[in-house]
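These notes concern the structure reproduced below.
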Amino acid sequence: MKIAIKHFIHGALESARDAGELELSPFPEILVEKPKDEKMGDFSTNIAMTLAKSERKNPRAIAEIITRYLSNVSDDLSEVEIAGPGFINVRMSQDFFLQRLRNAVSQGNNFGQTDVGKGIKIMIEFVSANPTGPLHVGHGRGAAVGDALARILRKAGYDLSTEYYVNDVGNQMNFLGRSTWLRYKELLGENIEFPDDHYRGDYIKTIAKEVVDLKGDEFLSQSEQDCLPYFRKFSKDTILGGIKNDLADFGVTFDNWFSEESLYEDNSVEKAIEWLREQGHIYEKDGAVWLKSSAFSDDKDRVIVKKTGEKTYFCSDIAYHQNKINRGFKKLVNLMGADHHGYVPRMEAVLEAMGYDKKIFKILLVQFVSLLRAGEKVSMSTRSGEFETLTDVVNEVGVDAARYYFLMRSSDTHLDFDLELAKKEAPENPVFYIQYAHARICSIFRTAEEEGVVWNRSAEIDLSPLVDEEEYAIIRAILAFPEVVEKSALAMEVHRISHFLLDLVSRFHGYYSRHRVVSEDKSLTLARLYLLDALRITIRNGFELMGISAPEKM
RNA sequence: GCGCCCGUAGCUCAGCUGGAUAGAGCAACGGACUUCUAAUCCGUAGGUCGAAGGUUCGAAUCCUUCCGGGCGCACCA
């Protein structure tokens, strides 16, 4: 929509230049925005103010010149005026909006789709929680944000893949296997001493029980060394399976699950080290192998092979990201918990060492979630916390509310998640406020049908009965949707969608209370239904990006 | 000590990559259902944008310093 306006202004500027009234060298970037107050106009530009300096004229004088040329550039412009220090406010004809409204409706589920992404191949990696225990609420936020972002980027025209990186090697896997093994022996009556640094959660006991059910006591006679591989694999597979299930229940699926172990199996890690060595980015000190990351974005060098000969997590991460690039991804996005932010510079250093601009790599930090119950903080400690897992929260408040709460705030601010509020079906809960609007619209359509109104989406409906300013306010809001998606994608900020929907829907609720849709006036009824259909499509598409359902009845 | 994030109404947060008189929800107060879902609507009140400087036509937004809160600073992942 704004592109059209930009185009008009561009034309006016060119005419002004050709007539010698403006110099315009270089030709300026045109910014079109919505005025502060809708009463001031449909669109506004500050172009006259930004030109003030280079043209050596005062902004209002420049605005007057532009306005003169703008007036006859298109019939769609119904009003052009100068305001304040030099803003040019324009108002568009009803036809301009109605035509675009029809266009939106005809796009249906695709409405909102844009092509800013230009088909660029991009990967977003998120959650990637270690398979050593169930997902907790923090992972839940990461999952919701990553999944929504993926949907938004697709909608914005990127060629997107999602991936979950499974850290299935290393010491933690040994601890995991050993934890299960110990619980297994305990179940079979042996006395054990359970170390503090092992996984103490009850889920380990559940897994041990499964081993007992499957294998009986056959491992009792074996040495730890012999049976550990089995326990390690079984525990990992079980937990990973649980994670996949939890995520699926939460509406989150991945295009690919990438195993860290596979990087060792195909020698990628070794090759990556060799390669870095050839590039001269590696040296040895104190019996360990170091990456000279301080030569790049990092503030110190990092160990990649310990003096014990074991590779660090960071080491396989190098191979992993090399692998991503080799698969042809032009942009890599990683979501991480904010507590890992110290990791960012060294990863950027890796990309730079590989010879890439660190701009192709974007790490989004997702801040912590505080779980509240009626305003009181719920303990998150592993021992006492009853509502710490994602599944528990989803079971209590539902998928829609949980996802909404994770997505409603900018992900770089701490989130207070109030369980009581999230499951409350009340006005102060924005999820239901938006869903209710959708259900209400559907209800109006049911009423219309009962009243014998014949309606179908593809029929050529006369929209001229739409004259109310409130109706145009809704239309303008609907038509802004593609721009919201676009901005949301470029800024990688998911919360914009929920704010957009909230604003959109509150206009509708107000409109609803003041206007009757289904009435004696046939043509007015049809035109208004058409508008509500567009609105319904927009709400649905917006919710789709958030992974939230749009119920037809509530 | 060093680095990253945050500080906007009583509370929770927006503020569109520098623009017009700083917004919304909740909470508070006052109104609106014989009419398509009151899970709704309308109105009132509420502010030194943490503080001080700087950059310019113009700053909540950009820069510097300080204060306050969170999180990091491993041969853990």
Side-chain angles (χ1 to χ4, degrees), chain A residues 31 33-37 40 44 46 49-50 52-53 58-59 83-87 89 128-130 132 167 169-173 197 260 285-290 299-300 302-317 337-345 365 367-368 372 375 408-410 412-416 418 421 424-433 435-437 439-448 450-451 480 483-484 487-488 490-491 493 495-496 498-500 502-503 506 508-519 525 528-529 532 553-554:
Chain A
L31 191 68
E33 51 191 2
K34 256 182 264 173
K36 199 98 200 152
D37 188 334
M40 298 192 272
S44 134
N46 63 351
M49 281 136 84
T50 56
K53 199 173 239 178
N58 89 59
F87 288 101
N89 293 334
S128 295
N130 295 339
T132 55
N167 300 118
V169 290
N171 250 331
Q172 49 163 359
M173 282 297 110
D197 56 359
E260 181 181 5
K285 194 183 83 181
D286 304 332
V289 180
W290 298 69
D299 58 344
K300 56 174 111 168
R302 306 289 173 179
V303 168
I304 56 175
V305 184
K306 306 182 216 173
K307 62 182 162 203
T308 59
E310 288 171 294
K311 317 275 194 304
T312 61
Y313 169 84
F314 180 52
C315 184
S316 45
D317 229 10
D339 52 334
H340 287 80
H341 70 256
Y343 203 67
V344 176
L365 296 172
Q367 296 287 341
F368 284 172
L372 307 179
M408 69 193 288
R409 303 280 178 238
S410 161
D412 56 25
T413 66
H414 286 236
L415 175 68
D416 283 334
D418 194 312
L421 196 55
K424 204 163 169 187
E425 300 187 359
E428 62 259 39
N429 188 341
V431 201
F432 293 103
Y433 181 80
Q435 288 185 321
Y436 182 55
R440 232 181 188 182
I441 293 168
C442 291
S443 165
I444 294 171
F445 275 87
R446 287 191 293 271
T447 304
E450 282 163 22
E451 305 271 316
E483 283 150 25
V484 172
K487 279 187 176 162
S488 184
L490 292 174
E493 291 178 347
H495 69 282
R496 290 170 189 251
S498 87
H499 284 281
F500 165 79
L502 214 48
D503 172 73
S506 82
F508 162 71
H509 282 308
Y511 175 77
Y512 173 90
S513 69
R514 283 180 292 271
H515 301 82
R516 174 102 199 157
V517 175
V518 181
S519 67
T525 300
R528 286 182 169 172
L529 283 175
L532 292 199
K553 279 184 188 171
M554 284 175 80

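Note that the structure is a prediction, hence the values are computed from the model and not measured. Chain letters run A, B, ... following the sequence lines, proteins first, then strands; residues in each count from 1.
- For the pair R446(A)/K553(A), a side-chain contact is recorded, criterion being any heavy-atom separation below 4.5 Å from C-beta on.
- Remark: the separation of the P atoms in U48(B) and C6(B) is 23 Å, to the nearest Å.
- Interatomic distance, CG of L502(A) versus CE of M408(A), reported as 8.0 Å (0.5 Å rounding).
- Within the structure, every side-chain polar atom (N or O) of Y511(A) is placed at least 4.0 Å from both OP1 and OP2 of C36(B).
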Atom pairs, N/O to N/O, protein against nucleotides 21-24 of chain B, distance under 3.5 Å?
none

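- Within the 4.0 angstrom heavy-atom criterion, only backbone atoms of the sugar-phosphate kind lie near H414(A); the bases stay farther away.
- Between D299(A) and R302(A), at least one side-chain nitrogen of the basic residue sits less than 4.0 Å from a carboxylate oxygen of the acidic one, meeting the salt-bridge criterion.
- An OP1 or OP2 oxygen of C5(B) is reached within less than 4.0 angstrom by no side-chain nitrogen or oxygen of H340(A).
- Under 4.0 angstrom from either OP1 or OP2 of A38(B) there lies at least one side-chain N or O belonging to R440(A).
- Relative orientation of the Y512(A) and F508(A) rings is tilted, given thresholds of 30° and 60° on the angle between their planes.
- Taking the side chain of R409(A) as heavy atoms from C-beta on, and the options U12(B), A77(B), C36(B), the nearest nucleotide is U12(B).
- Between Y343(A) and Y313(A), the angle of the ring planes lies from 30° to 60°, which puts this pair in the tilted group.
- Side-chain nitrogen and oxygen atoms of R302(A) include none within less than 4.0 Å of the OP1 or OP2 phosphate oxygen of A74(B).
- With a 4.5 Å cut-off on side-chain heavy atoms, E260(A) and N167(A) count as touching.
- When the P atom of G31(B) is taken as reference, atom CZ of R514(A) falls 20 Å away, rounded to whole Å.
- Nearest to the side chain of K300(A), among A77(B), A74(B), C36(B), sits A74(B).
- Remark: Y343(A) is not in phosphate contact with A77(B), judged by side-chain N or O atoms under 4.0 Å from OP1 or OP2.
- Across all strands shown, N46(A) has heavy atoms under 4.0 Å from base atoms, whether or not it also approaches the sugar-phosphate.
- Glycosidic conformation at C16(B) (O4'-C1'-N9-C4 for purines, O4'-C1'-N1-C2 for pyrimidines): anti, more than 90° from 0.
- For the residue pair T132(A)/Q172(A), the side-chain donor-acceptor check at 3.5 Å is not satisfied.
- For A20(B), the base has a donor-acceptor partner in the side chain of N89(A) [N/O atoms by modelled type, under 3.5 angstrom].
- Using atom C1' as the reference point in both G25(B) and C66(B), the two lie 34 Å apart (nearest Å).
- The base of A20(B) sits within donor-acceptor range of the side chain of S44(A), with an N or O pair under 3.5 Å.
- Distance noted for atom C1' between A59(B) and G19(B): 10 Å (whole Å).
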